[in-house]
Number of protein chains: 2
Amino acid sequence: MTTLSPAVEDYLKAIYEIQSEGDQDRVSTSALADCLGVARASVTGMLKKLNAMDPKLVNYIRYRGVQLTPAGEKIALEVLRHHRLIELYLSEALGYSWDEVHQEADNLEHVISEDLEDRIATLLGHPQVDPHGAPIPDRDGNISRREEVQLTQLGIHQPAHISRVSDHDPAMLRYLQELGLTLNAQIEVTEKAPFSGPLHIRLIGTEIVHALGRQVADYIFVTLGSTGRKKS
Amino acid sequence: MTTLSPAVEDYLKAIYEIQSEGDQDRVSTSALADCLGVARASVTGMLKKLNAMDPKLVNYIRYRGVQLTPAGEKIALEVLRHHRLIELYLSEALGYSWDEVHQEADNLEHVISEDLEDRIATLLGHPQVDPHGAPIPDRDGNISRREEVQLTQLGIHQPAHISRVSDHDPAMLRYLQELGLTLNAQIEVTEKAPFSGPLHIRLIGTEIVHALGRQVADYIFVTLGSTGRKKS
DNA sequence: GGACCTAGTTAGGCCAAACTAATTCAAGAG
DNA sequence: CTCTTGAATTAGTTTGGCCTAACTAGGTCC
């Protein structure tokens, strides 16, 4: 474990994230470039390096995109574990709100020691999910996969609860917060406007209905039925 | 404030530390190289850059060493504030012992945001010193200077308390911990062996006496008289 | 004053990670 | 089957931070 550079960790993390949110297993150079905010040529260069490393971290084929190898995925999951534990820690211990944690965690994730990670995990009681509902991998790189669907895929009047929200846009997170569309909120779709128009979302148990644009709705994931928890 | 690289921050911090522990105001290239663990030539190169930056961060003259400019000192103090707040936070909130905090803080100090720094400072009640007794600069770069002397300078039977210990050697910190020579310990020197031999240190209120080598004693600073606190 | 030593500097290179500009590939349209 | 077009790659630079090796400034000792 020859201690990787932050850049390498970021590439692996990005590949993992794109890979797991889209449904194709290969990730394109441009998708990565956009996600990381660097030029395409830079991505090509880095992918060649990752492909040549020992152990091989990705499976890269010219013009065909990349896949993580098991070794690469392991590292991606470690970084993700750091990221999500830090997000949760910042929110639990230091009073950060869910729109503030992401940026700070991106900086911290590459520098905390395994020891600090363990202490944080223990202090938090080995939590399963971060403040946005994303699952936290365990130390061995196991990650729990839940049966989630995109909010846009949810049927009309099908009760569900918000189980996860993308953490990438703080402004959107603040917006959702204001609407009461937070983690575990019980909701149903009452109407889907055609031509990719807005979704009408009702908070179950209330008469509150919000119209949500598709772009926003795409970043929200739900699980059918209610959450285990009682309402307070 | 064009966000400086970790390397630059480390150079400035090191210059500040050497400058404030030695009594000459100019820091030599070699002292810096040793402190940072890089080659001399690398230091020369970096000093030229720091000297050419706008604003000028150091005052560097060939063959004469460097000094921090006010701008450089301000940055050094910000880094030091980060470092020491993190050390204290790790020890207070996450159960780190005083020999473990330094390494972790060295990694974290370059990446925490001002916001996180503020939250930590507030949570800790705007503390004055870190776990090794080093003063924590305030946000404006003011640092309290106390009247400390090296333990080796302390007169025989002159009662004093340990007010600061160098944080650089974890093994030494563990050793001192075992001997009960922790922060604020009330001590006196009962005997100084000649020819740079060991010092005999008595813990006031006990019969416990330890013989301490000069190298170790050089890293310990004391303040005359007792600390404000009562014994528990 | 010349010889000598050490700290400090210059010169020249290396590596990682980015960039731009120019070229090549792949895959769908006609 | 060829053409076109957008995605991807190559080639060539740049920048930052480090290295080694070779040279120089300045002080010490006889």
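By convention in this document, chain letters (A, B, ...) are assigned in the order of the sequence lines, proteins followed by strands, and residues within each chain are numbered from 1.
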Inset, instruction - Could you check Met46(B) against Ala41(B) and say which one's nearest nucleotide on DNA chain D is further toward the 5' end? - result: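 Here Met46(B) is the residue nearer the 5' end.
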Do we see a donor-acceptor contact under 3.5 Å between the side chains of [X] and [Y]?
X         : Y         : value
Thr223(A) : Glu148(A) : no
Asn59(B)  : Thr69(B)  : no
Glu104(A) : Tyr96(A)  : yes
Ser113(A) : Asp115(A) : no
His110(B) : Asn107(A) : no
His82(B)  : Glu87(B)  : no

Would you say [N] has OP1 or OP2 under 4.0 Å from some side-chain N or O of [X]?
X        : N       : result
Ser42(B) : dC18(D) : no
Thr29(A) : dT9(D)  : yes
Lys49(A) : dA16(C) : no
Lys48(B) : dT9(C)  : no

Inset, instruction - Might you confirm whether atom CZ of Arg64(B) has over 12 heavy atoms from other residues, nucleotides or ligands at distances under 6.0 Å? - result: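 Counting neighbours around CZ of Arg64(B), 12 or fewer heavy atoms of other residues, nucleotides or ligands fall under 6.0 Å, so no.
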Legend entry - Gln150(A), CD atom: more than 12 neighbouring heavy atoms under 6.0 Å: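 Atom CD in Gln150(A) is packed in, count exceeds 12.
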Inset, instruction - May I ask you to decide if Gly95(A)'s main-chain N or O and Arg119(B)'s side chain share a donor-acceptor pair within less than 3.5 Å? - result: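 Indeed, once roles are kept as given, a pair shorter than 3.5 Å links the two residues.
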Inset, instruction - From the options dT10(C), dT20(D), dT20(C), select the nucleotide whose nearest atom is closest to the side chain of Ala39(B). - result: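 Of the candidates, dT20(D) comes closest.
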Spacing of [X] atom [atom1] relative to [N] atom [atom2], expressed in whole Å:
X        : N       : atom1 : atom2 : answer
Leu4(A)  : dA16(C) : CG    : P     : 12 Å
Arg40(B) : dT6(C)  : CZ    : C1'   : 9 Å
Met53(A) : dC15(C) : CE    : P     : 14 Å
Leu47(B) : dG17(D) : CG    : P     : 13 Å
Leu36(A) : dC19(C) : CG    : P     : 10 Å

Inset, instruction - Please check if the distance between the ring centroids of His102(A) and His132(A) is under 6.0 Å. - result: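 Distance test on ring centres: not under 6.0 Å, no.
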Inset, instruction - Report the residue (Tyr60(B) or Ser5(A)) whose heavy-atom-nearest nucleotide on DNA chain C is the more 5′ of the two. - result: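 Of the two residues, Tyr60(B) wins.
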Legend entry - Given DNA chain C, 5'-ward residue of the pair Pro6(A) and Val43(B), judged by closest heavy atom: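 Checking each residue's closest nucleotide, the 5'-ward one belongs to Val43(B).
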Legend entry - Contact residues, residues 13-20 of chain B to DNA chain C [heavy atom, < 4.0 Å]: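 Those residues whose heavy atoms fall under 4.0 Å from DNA chain C, taken from residues 13-20 of chain B, amount to none.
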Inset, instruction - Report which part of the nucleic acid Ala7(A) touches: base, sugar-phosphate, or nothing (heavy-atom distance under 4.0 Å, all strands). - result: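 Sugar-phosphate: the residue Ala7(A), judged by heavy atoms under 4.0 Å, touches backbone atoms but no base.
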Inset, instruction - Remember a base hit wins even if backbone is also touched, and classify Arg64(A) as base, sugar-phosphate or nothing at under 4.0 Å, heavy atoms. - result: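 Here Arg64(A) touches the backbone only, sparing every base.
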Between the protein and nucleotides 23-25 of chain C, are there any N/O to N/O pairs under 3.5 Å, and if so, what are the atom names and distances?
| unit_1 | atom_1 | unit_2 | atom_2 | d |
| --- | --- | --- | --- | --- |
| dC25(C) | O4' | Tyr63(A) | OH | 3.4 |

